[in-house]
Amino acid sequence: MKIDFKHARGVFEEYLNGYDREDEKIKLKIIHTYGVVKSAREIGHRMHLNEEDQQLAELIALLHDIGRFQQLRLYNSFSPDTMDHAAFGVQLLFEGENPMIRRFIEDRSYDELIRVAIARHSDFRLEGIQDERTLFHAKMIRDADKLDNCRVKLLDSVEAMIGVPQEYAGEGKISPKVWESCLRKEAVSSPDRITSVDYWMSYVAQYYDLNFKETWQIMKEKNYISRIIKRLEYKDKDTREKMEILEQQMNAYMEKILC
């Protein structure tokens, strides 16, 4: 299979011309998309992927959030309550007499792999994929997505992420179910989040779901765990102590993986 990524990027840019590029949320998603492509490239290079799988990983990264743009047009929201953006992205790419995916890649042999990887990239847990190569690419896009989300959590507006100004986002207590998930070294289920600090803690705990040692190497080199936790000021003593415990626990977990 030969993927012309320069061509695919040009097609993606044409698609984006149908949206308001000056809209703040649209702009964030464009930056994120290319950030995920960059993350997939970096993880893949550390793994010494062959050219075919590297190109495939980058194409999936380019397309993984294509459903987000229509979600923003219709609802001006990233909330999963408004739309399953992954499912819509698959529908957009693969349904109809002339599916959009053919504009990005002529070869049909990887359609099912690409479809599954995009459809499953935002699942709470990745389960039930039997084909090894499809599972690899589903894991790759999830890692690349989370890796760029580190950049998002450090640079983007806290208020845009959780609806509360940064100076207030660290207020309040951590809900019991959220803390229990962290102690089990698990990602936090969205319905369990109640307070603003629940959301922030869940953004850190999601990294328990990383798949590859190479991704953890980058996480360590950039000190992402500690930097994200320390972005907010936690005024409640119990919350502050729990965040310190989470930081120590996650960094220890990372060191164990990298041993």
Side-chain angles (χ1 to χ4, degrees), residues 3-44 54-96 98-106 114-115 117-122 137 140-166 169 199-200 203 206 218 222 224 228 231:
I3 297 174
D4 183 344
F5 188 80
K6 183 178 180 181
H7 167 78
R9 179 169 178 159
V11 174
F12 184 67
E13 286 292 324
E14 289 177 10
Y15 175 76
L16 293 177
N17 287 336
Y19 296 88
D20 180 5
R21 290 171 177 263
E22 296 306 310
D23 179 274
E24 197 62 34
K25 290 188 177 71
I26 295 290
K27 192 182 298 184
L28 289 177
K29 272 298 146 187
I30 295 172
I31 293 170
H32 171 64
T33 295
Y34 288 123
V36 176
V37 171
K38 181 180 177 181
S39 294
R41 184 175 300 132
E42 183 170 6
I43 297 167
Q54 184 65 58
Q55 291 178 338
L56 185 55
E58 292 180 28
L59 178 64
I60 292 168
L62 184 73
L63 299 177
H64 83 286
D65 261 357
I66 198 166
R68 283 292 196 192
F69 300 98
Q70 187 67 2
Q71 181 185 22
L72 291 172
R73 171 181 281 166
L74 293 175
Y75 304 105
N76 192 34
S77 171
F78 296 127
S79 171
D81 295 335
T82 61
M83 176 188 285
D84 182 338
H85 76 282
F88 181 75
V90 166
Q91 177 184 335
L92 190 67
L93 288 167
F94 291 97
E95 292 188 5
N98 299 299
M100 186 188 292
I101 190 66
R102 294 283 76 79
R103 293 164 57 189
F104 293 95
I105 177 172
E106 293 183 5
I114 295 169
R115 186 191 67 78
I118 293 174
R120 303 294 300 279
H121 84 270
S122 60
H137 280 283
M140 171 65 88
I141 185 56
R142 287 166 70 89
D143 271 29
D145 196 12
K146 288 181 175 67
L147 190 58
D148 186 66
N149 259 297
C150 292
R151 176 196 59 78
V152 170
K153 297 305 180 284
L154 288 170
L155 298 179
D156 287 358
S157 162
V158 171
E159 186 168 7
M161 285 184 262
I162 58 178
V164 178
Q166 183 168 337
Y199 278 81
W200 201 254
Y203 295 156
Q206 70 174 321
I218 300 167
K222 296 184 181 290
Y224 275 142
I228 293 170
R231 184 175 182 187

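Residue numbers start at 1 and run along the sequence shown.
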Under 3.5 Å, is there a donor-acceptor pair between the side chain of Asp145 and the main chain of Ile141? no
Taking the side chain as C-beta and beyond, is there a heavy-atom pair between Val152 and Met161 under 4.5 Å? yes
Answer yes or no: is there a side-chain heavy-atom contact under 4.5 Å between Phe5 and Arg41? yes
Sequence-distant partners of Leu16, side chain to side chain contact (heavy atoms under 4.5 Å, CB included), two or more places apart: Phe12, Glu13, Arg21, Ile30, Phe69
Given side-chain contact (heavy atoms from CB on, under 4.5 Å), test Val158 with Val164 step by step and report yes or no. CA-CA 7 Å; Val158 171; Val164 178; 5.9 Å; no
Ala8: side chain to side chain contact (heavy atoms under 4.5 Å, CB included) partners, not counting sequence neighbours: Leu59, Leu62, Phe104
Gap separating the CD1 atom of Ile118 from the CD1 atom of Ile101, nearest 0.5 angstrom: 6.0 Å
Heavy-atom count around Lys222 NZ within 6.0 Å, excluding the residue itself: above 12? no
Do Arg102 and Ile105 have side chains that get closer than 4.5 Å, going by heavy atoms? yes
CG/Asn17: more than 12 non-hydrogen atoms of other groups inside 6.0 Å: yes
Do the non-hydrogen side-chain atoms of Thr33 and Ile66 ever get within less than 4.5 Å of each other? no
Just wondering, do Tyr203 and Ile162 contact through their side chains at under 4.5 Å, heavy atoms? yes
Minimum heavy-atom distance Ala119-Ala86, with the two atoms named: O-CB, 3.6 Å
Just wondering, do Ile60 and His121 contact through their side chains at under 4.5 Å, heavy atoms? no
Once rounded to the nearest 0.5 Å, what's the spacing between atom CG of Leu72 and atom CD of Gln70? 9.5 Å
Look up atom CD1 in Ile26 and atom CZ in Arg73, then write down how far apart they are to the nearest 0.5 Å. 8.0 Å
Apply side-chain contact (heavy atoms from CB on, under 4.5 Å) to the pair Phe88 and Gln71, showing each step before the final yes or no. CA-CA 9 Å; Phe88 181 75; Gln71 181 185 22; over 6 Å; no
Heavy-atom donor-acceptor pair, Glu58 side chain to Gln55 backbone, under 3.5 Å: no
Return yes if some donor-acceptor pair links the side-chain N/O of Asp65 with the main-chain N/O of Arg68 below 3.5 Å, else return no. no
For the ring-ring contact (aromatic ring centres under 6.0 Å, His included) test, which of His137, His85, His32 pairs with His64? His32
What's the spacing between Asp23 CG and Lys29 NZ if we round to 0.5 Å? 13.0 Å
Minimum-distance pair of heavy atoms, taken over all atoms of Ile114 and Phe94: CG2-CZ, 3.9 Å
Considering non-hydrogen atoms only, spot the tightest contact between Ala57 and Met140 and give its length. CB-CG, 4.0 Å
Least distance between heavy atoms, Ala144 atom then Ser39 atom: O-CB, 3.5 Å
Can you pull the salt bridge (charged side-chain N to carboxylate O under 4.0 Å, His left out) pairs that have at least one residue in residues 149-159, sequence neighbours excluded? Asp148-Arg151
Would you find a donor on one side and an acceptor on the other, under 3.5 Å apart, between the side chain of Arg142 and the backbone of Arg120? yes
For the CD atom on Glu106, are there more than 12 heavy atoms of other groups (residues, nucleotides or ligands in this structure) within a distance under 6.0 Å? no
Tyr15 side chain near Leu92 side chain, heavy-atom distance below 4.5 Å: yes
How long is the straight-line distance from CG of Leu147 back to CD1 of Ile218, given to the nearest 0.5 Å? 5.0 Å
Contact between Leu56 and Ile3 at the side-chain level, heavy atoms closer than 4.5 Å - yes or no? yes
